[in-house]
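The next block holds one structure in the form of structure tokens; read it before the comments.
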Amino acid sequence: MDTEEKPAAKAKPNDILDSVSIAAFDLDGRIFRTLWHSLTRTPDVALAGAKGDFSQYLSPVRVFVALFSFQFVVASLFGTPLAGSLDQLTVSVEPEAVEAWLATGQTASGEVPTHAEVNQTVESWGAMLLWPITIITALPYLLLLKLYRPGVPLWGHLQFFLTATNASFVVMIATIPLILLGLGWFSLGIGFAMIVYYFCTGRIIVRFYSHSAGGAALRLLGLVLLMPVTLLMTGIGQILGTAFTLDTNYDLSLIRLYAPDLE
């Protein structure tokens with residue numbers, strides 16, 4: 001009787017990739033196919049998500065959560081705050097005025113907060129508040145998609161919306177290192193990511209929302225016209241969130257910073 005142990009099978013490259021991705025994001029090797037096909041076969045990934053068929057692709061919701069979190073990792077590596085910072089808030093304010101404003105606040109221990117403390121708090125809270133802001137600003141898109149095709153459940157429209165969003169996320173994360181070349185290059189990268197989003201969204205509209213070129217163009221135009229609205233909603237949400245954070249943690253007022261004569 002052979003009692004010798006047989007050597008374990010040699011690990012395949014796909015197995016290694018699976019292990020790494022599972023350890024990092026609780027995802028498997030389908031993430032790579034899902035990301036690539038979100039760019040190249042957008043309607044197929046969206047339809048699989050709407051049907052709940054995850055044999056080939058991961059759920060667009062899971063991919064969105066992973067990419068949303070991963071962008072902060074990449075941004076931190078290149079020193080790019082995505083949720084705002086005190087430095088960004090005070091870029092047009094004289095340093096002496098900023099120091100005078102900080103002196104009006106206090107920490108929990110009763111001390112005057114430092115620039116570094118306030119900056120870290122604004123960035124940390126901004127990252128947390130970005131989740132609810134993102135959810136709220138997505139609602140107008142979902143409602144408009146529902147209006148385009150009422151027979152599809154809202155969950156299905158969410159899969160369509162997130163698939164195109166994930167495609168643009170891939171491009172946006174890849175362009176974050178452009179910040180090293182300057183803000184202008186970084187802005188171009190963000191602009192390109194938006195073009196990718198609308199291109200992928202257009203493919204979804206042609207496949208699921210319209211039977212004519214004219215109808216598809218009008219529906220896509222409707223989504224494009226929502227952009228200023230969602231940008232305004234995002235800006236207001238970030239300002240309110242920052243104001244709440246500063247007031248709660250340091251008793252600092254944004255109004256006192258920008259218009260000290262009003263208080």
Side-chain angles (χ1 to χ4, degrees), residues 24-26 61 64-139 165 168-169 172-187 189-190 193-194 227-263:
F25 301 107
D26 191 28
V61 176
F64 175 78
V65 172
L67 291 176
F68 196 93
S69 303
F70 186 60
Q71 70 171 332
F72 288 100
V73 177
V74 178
S76 65
L77 292 176
F78 293 93
T80 309
L82 298 177
S85 65
L86 182 60
D87 294 329
Q88 293 175 341
L89 285 173
T90 59
V91 67
S92 61
V93 183
E94 294 295 331
E96 296 79 7
V98 175
E99 292 301 322
W101 173 69
L102 289 173
T104 64
Q106 62 177 0
T107 63
S109 59
E111 300 177 353
V112 174
T114 66
H115 188 284
E117 288 176 331
V118 176
N119 194 58
Q120 183 178 6
T121 300
V122 170
E123 289 186 12
S124 300
W125 276 88
M128 288 187 290
L129 291 174
L130 200 56
W131 275 106
I133 291 174
T134 300
I135 293 173
I136 292 173
T137 54
L139 292 178
T165 301
S168 65
F169 250 142
M172 190 191 75
I173 293 173
T175 59
I176 286 178
L178 291 177
I179 193 67
L180 298 177
L181 301 177
L183 185 60
W185 285 99
F186 178 70
S187 299
I190 297 299
M194 293 306 304
M227 177 57 68
V229 177
T230 55
L231 288 177
L232 180 62
M233 292 172 63
T234 300
I236 293 175
Q238 289 180 333
I239 291 174
L240 293 178
T242 301
F244 174 79
T245 298
L246 292 171
D247 181 65
T248 302
N249 290 277
Y250 303 109
D251 195 26
L252 288 170
S253 168
L254 278 182
I255 297 177
R256 193 183 302 145
L257 172 63
Y258 292 115
D261 295 337
L262 295 181
E263 289 201 347

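Everything quoted here is computed from the prediction, not taken from an experiment. Start at 1 with the first residue, then count along the sequence.
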Minimum heavy-atom separation for [X] to [Y], with atom names?
X	Y	result
Leu89	Val93	O-CG2, 4.5 Å
Ser168	Ala193	CB-O, 3.3 Å
Val73	Ser76	O-OG, 2.7 Å
Pro113	Val118	CB-CG2, 3.7 Å

Run the side chain to side chain contact (heavy atoms under 4.5 Å, CB included) check on Phe169 and Phe70 step by step: do they pass?
CA-CA 10 Å; Phe169 250 142; Phe70 186 60; over 6 Å; no

Pairwise distance [atom1]([X]) to [atom2]([Y]) - rounded to 0.5 angstrom:
X	Y	atom1	atom2	value
Phe72	Leu77	CZ	CG	13.5 Å
Leu254	Thr90	CG	OG1	11.0 Å
Thr234	Ile239	OG1	CD1	11.0 Å
Leu252	Leu86	CG	CG	9.0 Å
Arg256	Asp251	CZ	CG	6.5 Å
Ile133	Thr230	CD1	OG1	12.5 Å

Between [X] (side chain only) and [Y] (backbone N and O only), is there a donor and an acceptor less than 3.5 Å apart?
X	Y	answer
Thr248	Thr245	no
Ser124	Thr121	no
Trp101	Ser253	yes

Option among Ile179, Thr175, Leu180, Leu178 that satisfies the side chain to side chain contact (heavy atoms under 4.5 Å, CB included) test with Trp185
Leu178

Can you label the angle between the Phe64 ring and the Trp131 ring as parallel, tilted or perpendicular, going by 30° and 60°?
perpendicular

Criterion side chain to side chain contact (heavy atoms under 4.5 Å, CB included) on Ile236 and Met233, from CA distance to verdict:
CA-CA 5 Å; Ile236 293 175; Met233 292 172 63; 5.9 Å; no

Passes side chain to side chain contact (heavy atoms under 4.5 Å, CB included), Leu67 versus Gln71? Steps please.
CA-CA 6 Å; Leu67 291 176; Gln71 70 171 332; over 6 Å; no

Is it true that, when you exclude Phe244 itself, more than 12 heavy atoms of the residues, nucleotides or ligands shown sit nearer than 6.0 Å to its CZ?
no

Check the pair Trp125 / Leu246 against side chain to side chain contact (heavy atoms under 4.5 Å, CB included), numbers first and verdict last.
CA-CA 10 Å; Trp125 276 88; Leu246 292 171; over 6 Å; no

